[in-house]
Amino acid sequence: MTEPLAPLSAEPPNPFTPDFGTDPHCLVGRDDLVASLREGLSAGPRDWRFHSLLLGPRGTGKTVVLGHIKEAARLAGWIVLPLDASTDGVEDRLDALIDWARESSDLDPDPSGRTERSAVSVKLWPFEWQREAAREVRPKWDLRRRLTVLADHAGRHDAAVLLILDEMQSGERRELRRLSADLQLITKGEKVPLAFLGAGLSEMKHTMLEDKKMSFFARCHRADMPPLLRTDASRFLRTAVQDAGGRIDAGALPLLVDACGTLPYKMQLVGHCAWTAAGAPRAPIDEQSAVVAIQEAHALMHERVSLPVWESLRPDEKDYLRRLASLGGEARPHDIASDDVAGSRNLGRTLRHLTNVGCVVQRNSQVVMLTDLVPERSMDAIVAEERIHLATDGATVRSLTLQRCNEWMPRAQARCILASGHGGGHRSR
């Protein structure tokens with residue numbers, strides 16, 4: 001008889017989950033958004049939130065909110081069809097979900113296997129009518145007819161079908177156009193109980209959602225992911241640490257909260273690193289471990305988030321961020337506009353795209369600021385790396401990546417805008 005495997009570690013697990021889309025210990029900063037979505041779905045097809053899109057930069061918790069709503073819908077007895085658009089074959093995978101439902105005794109496509117959840121499911125989920133509905137759907141029907149029949153059955157039992165589509169910005173354009181057309185025809189006119197909840201990056205506002213062949217997605221209610229507040233981060237850190245049997249010193253908490261910024265993903269990173277650095281729960285998270293954790297969290301955030309975002313930007317957008325970073329990470333738009341940056345005709349488009357991606361925010365339309373997505377410290381590291389790389393290749397670094405000369409010119413009553421160490425005369429504009 002074989003012996004059972006010994007546990008890999010006797011240490012209590014880290015309560016923080018810095019993985020994209022992983023359920024957090026508790027949901028903070030999203031209460032109003034989740035309540036609004038649940039209210040809209042509960043109200044039925046006539047409510048404007050019955051078809052909604054979550055838009056926001058990476059790390060803002062879109063997938064976590066989708067998961068929260070998905071679980072609530074299942075417990076309410078809805079048929080839930082969750083998938084993402086990060087790979088091709090959206091329609092085929094949606095068909096496969098419906099086929100799976102026809103053959104399954106449980107309409108949960110990815111059950112957790114937890115005993116307590118199964119016990120609740122047996123009591124609350126109306127398996128019989130859901131199986132009946134799924135089996136009414138014929139394999140040879142097209143997707144539009146299959147979804148319509150499924151939704152009709154749900155409506156007869158005071159429920160609905162919820163179609164969830166994550167990572168929409170990565171979707172293949174032809175596939176999403178076809179899905180949009182199907183959903184448009186199903187939901188147009190007659191109020192069919194087919195709810196839709198999608199999620200993607202904010203840049204979709206000026207790409208996919210301006211595509212005239214995606215009118216269904218364009219008319220969905222749009223909900224922007226709100227930034228985390230200091231109170232949200234403080235409550236989350238304290239709750240997660242205490243519930244896991246750890247302690248956090250009064251002096252360490254404000255340091256960690258300041259480092260969290262506005263992104264839920266960064267908050268998870270900070271908490272995870274603090275727990276590890278302190279050796280919690282055996283030792284409390286003190287100021288010393290907090291300082292170590294913050295440095296580690298900054299480095300991980302730069303590697304996992306800031307660099308991938310940076311690499312996804314166009315050359316003119318990178319130029320804009322370099323210029324903004326050289327001005328201290330905060331400047332007025334006309335100060336950013338210079339001969340070193342793309343022409344003024346493109347500046348509005350560049351600023352708009354960087355705002356949608358989440359790299360910058362505008363304060364009162366007067367000041368442009370770097371965000372936590374690519375903060376000033378990351379820009380400093382990126383520019384320093386570019387200088388080393390270009391110097392190694394024997395290339396000349398563009399003046400945009402260098403500090404300004406800033407020499408005072410009495411006749412022009414202005415300071416030189418050229419790069420430090422430039423040759424020739426000074427220039428004010």
Side-chain angles (χ1 to χ4, degrees), residues 34-54 65-84 90-112 117-118 120-166 178-199 216-217 219-221:
V34 169
S36 177
L37 290 173
R38 293 187 63 159
E39 181 181 291
L41 293 173
S42 300
R46 295 188 181 279
D47 192 282
W48 52 295
R49 295 161 294 185
F50 201 68
H51 306 128
S52 293
L53 287 177
L54 300 181
V65 172
L66 290 183
H68 188 90
I69 298 297
K70 176 176 68 176
E71 186 69 10
R74 283 178 177 154
L75 292 177
W78 287 26
I79 296 176
V80 183
L81 304 173
L83 67 160
D84 67 80
V90 167
E91 183 173 339
D92 290 340
R93 284 183 283 126
L94 185 52
D95 274 329
L97 278 178
I98 298 174
D99 287 339
W100 184 93
R102 295 179 68 249
E103 305 300 330
S104 175
S105 61
D106 183 337
L107 281 173
D108 185 355
D110 54 348
S112 67
R117 176 174 173 179
S118 299
V120 172
S121 300
V122 169
K123 183 173 62 175
L124 293 182
W125 285 10
F127 288 139
E128 291 304 322
W129 78 259
Q130 290 194 0
R131 283 198 297 268
E132 176 189 349
R135 288 168 184 169
E136 280 292 319
V137 178
R138 300 291 181 257
K140 293 183 179 180
W141 288 350
D142 61 21
L143 180 61
R144 187 190 312 168
R145 187 175 181 185
R146 303 180 93 195
L147 285 174
T148 302
V149 170
L150 207 57
D152 286 342
H153 271 275
R156 294 188 198 122
H157 293 83
D158 297 321
V161 174
L162 174 59
L163 172 57
I164 294 177
L165 185 59
D166 199 2
R178 181 171 179 178
L179 178 61
S180 175
D182 284 340
L183 294 175
Q184 175 78 359
L185 289 171
I186 294 172
T187 60
K188 186 177 181 180
E190 185 178 354
K191 300 302 181 181
V192 177
L194 173 61
F196 175 80
L197 184 57
F216 173 81
F217 298 139
R219 68 180 176 86
C220 285
H221 163 61

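These figures come from a predicted structure and were not determined experimentally.
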Say you draw a straight line from CD of E39 to CG of D47; how long is it, rounded to the nearest 0.5 Å? 7.0 Å

In terms of heavy-atom contacts, L162 and A73 come closest through CD2-CB, 3.8 Å

What are the two closest heavy atoms between P45 and F50, and how far apart are they? CA-CD2, 3.5 Å

For the residue pair T187 and L194, what are the closest heavy atoms and their distance? CG2-O, 4.2 Å

Do E91 and L94 have side-chain heavy atoms sitting under 4.5 Å apart? no

Using every non-hydrogen atom in the two residues, find where C220 and L53 come nearest and quote the distance to one decimal. CB-CG, 3.9 Å

Closest non-hydrogen contact found for L41 with R49 is CD2-O, 4.3 Å

I164 vs I69 side-chain heavy atoms within contact, under 4.5 Å: no

Residue pair L183 / L147, side-chain heavy-atom distance below 4.5 Å: yes

Side-chain donor or acceptor of H153 paired with backbone N/O of V149 under 3.5 Å: no

Taking all non-hydrogen atoms of both residues into account, name the closest pair between G77 and A159 and its distance. O-CB, 3.8 Å

How long is the straight-line distance from CZ of R178 back to CG of L143, given to the nearest 0.5 Å? 7.5 Å

Give, for atom CZ of F217 and atom CG of L165, the distance between the pair rounded to the nearest 0.5 Å. 6.0 Å

Can you tell me how far the NE2 atom of H221 sits from the CG atom of L54, to the nearest 0.5 Å? 8.5 Å

Just so I know, are the side chains of I79 and L150 near enough to count as touching, which here means a heavy-atom distance under 4.5 Å? yes

Evaluate whether atom CZ of R144 has more than 12 neighbouring non-hydrogen atoms of other residues, nucleotides or ligands under 6.0 angstrom away. yes

For residues P82 and D166, determine if any side-chain heavy atom of one lies less than 4.5 Å from a side-chain heavy atom of the other. no

For R38, what residues pass the salt bridge (charged side-chain N to carboxylate O under 4.0 Å, His left out) criterion, not counting sequence neighbours? none

For the atom pair CZ (F216) and CD1 (I186), what is the distance rounded to the nearest 0.5 Å? 8.5 Å

